[in-house]
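Some notes on the structure that comes next.
Numbered from 1 within each chain, the chains take letters A, B, ... in sequence-line order. Model, not experiment: these values are computed from the prediction.
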Amino acid sequence: MNYWLMKSEPHTFSIDDLQRAPQQTDHWEGVRNYQARNYMRDQMKMGDRIFFYHSSCETPGITGVMEVVKECHPDLSALDPNSPYFDPKSTKAIPRWWMVSVRLIEKFNDIIPLRILKNIPPLQTMVLLKPGNRLSITPVSATEWAFIISLKGT
DNA sequence: GCCAACGTTGGC
DNA sequence: GCCAACGTTGGC
């Protein structure tokens with residue numbers, strides 16, 4: 001099983017939005033970065049675990065856990081001229097953008113803030129923490145995953 | 001709001 | 001293929 005971290009701005013789509021969704025499931029539309037897309041298209045598999053990360057907000061950090069419930073399929077928001085994610089270069093025949101569907105497994109009682117993660121030596125290997133990193137989807141190692149899970153509620 | 005870092009675009 | 005200009009991300 002692979003582990004991941006996916007960012008979302010909570011004023012656009014928060015963990016509470018996912019919790020309210022039918023079956024607590026939604027598709028992860030709107031990724032418009034090739035490397036992040038490739039992770040979803042080529043590497044994310046059923047059952048992979050994902051940290052839900054809130055970015056560009058008062059307290060950025062990890063807010064819960066999701067799993068992949070549907071592997072890559074075309075991101076149709078790219079075809080919708082009324083969508084903020086519209087991309088005229090994507091077509092139905094040759095989709096440029098792909099996404100996975102995710103289901104909420106757990107919303108943490110308390111967010112694990114980025115500023116805490118930054119101060120934990122065993123987590124300095126995280127791609128998320130690499131200087132200059134802006135990727136909205138990053139891989140997480142099994143070791144990093146287990147360590148972060150152990151921080152819950154502390 | 002600032003700004004550093006990074007990705008994309010497009011002329012040549 | 002180079003690279004300058006521009007746009008975006010995202011913490012602070």
Is the A:Trp4 ring parallel, tilted or perpendicular to the A:Tyr39 ring (thresholds 30°, 60°)? tilted
Could you tell me the separation between the CG atom of A:Leu114 and the P atom of C:dT9, rounded to a whole number of Å? 18 Å
Measure CZ/A:Arg96 against C1'/B:dT9 and give the value in whole Å, please. 12 Å
Qualifying residue for side chain to side chain contact (heavy atoms under 4.5 Å, CB included) with A:Tyr53, from A:Ser136, A:Pro60, A:Pro10: A:Pro60
Measure the distance from CG on A:Asn133 to P on C:dC12 and round it to the nearest whole Å. 13 Å
Spacing between A:Arg32 atom CZ and B:dT9 atom P, to the nearest angstrom: 13 Å
Rounded to whole Å, CZ of A:Arg134 lies from P of B:dG7 at a distance of 6 Å
What are the residues of residues 56-63 of chain A, sorted by number, that bring a heavy atom to within less than 4.0 Å of DNA chain C? A:Ser56, A:Pro60
Separation of C:dT8 C1' from A:Asp87 CG (nearest whole Å): 15 Å
Check: A:Arg32/A:Ser90 side-chain N/O donor and acceptor closer than 3.5 Å: no
Have a look at A:Lys118 and say if it touches a base, only the backbone sugar-phosphate, or nothing, with a 4.0 Å heavy-atom cut-off. sugar-phosphate
Rounded to the nearest 0.5 Å, what separation is found between the NE2 atom of A:His54 and the CG atom of A:Asp16? 6.5 Å
From CD of A:Glu9 over to P of C:dG11, roughly how many Å is that when rounded to an integer? 9 Å
Pairing of A:Arg20 and A:Asp17 as salt bridge, 4.0 angstrom limit: yes
Any side-chain N or O of A:Tyr53 less than 4.0 Å from the OP1 or OP2 oxygen of C:dG11? yes
Excluding A:Leu76, membership of its hydrophobic cluster (Ile, Leu, Val, Met, Phe, Trp, Tyr; side-chain heavy atoms within less than 4.5 Å) reads A:Leu79
Once you round it to whole Å, what is the distance between C1' of C:dG11 and NE2 of A:His11? 13 Å
Decide whether A:Arg96 and A:Tyr34 meet the rule of one side-chain donor and one side-chain acceptor closer than 3.5 Å. yes
For C:dT9, take OP1 and OP2 only and decide whether either is under 4.0 Å from a side-chain N or O of A:Lys7. no
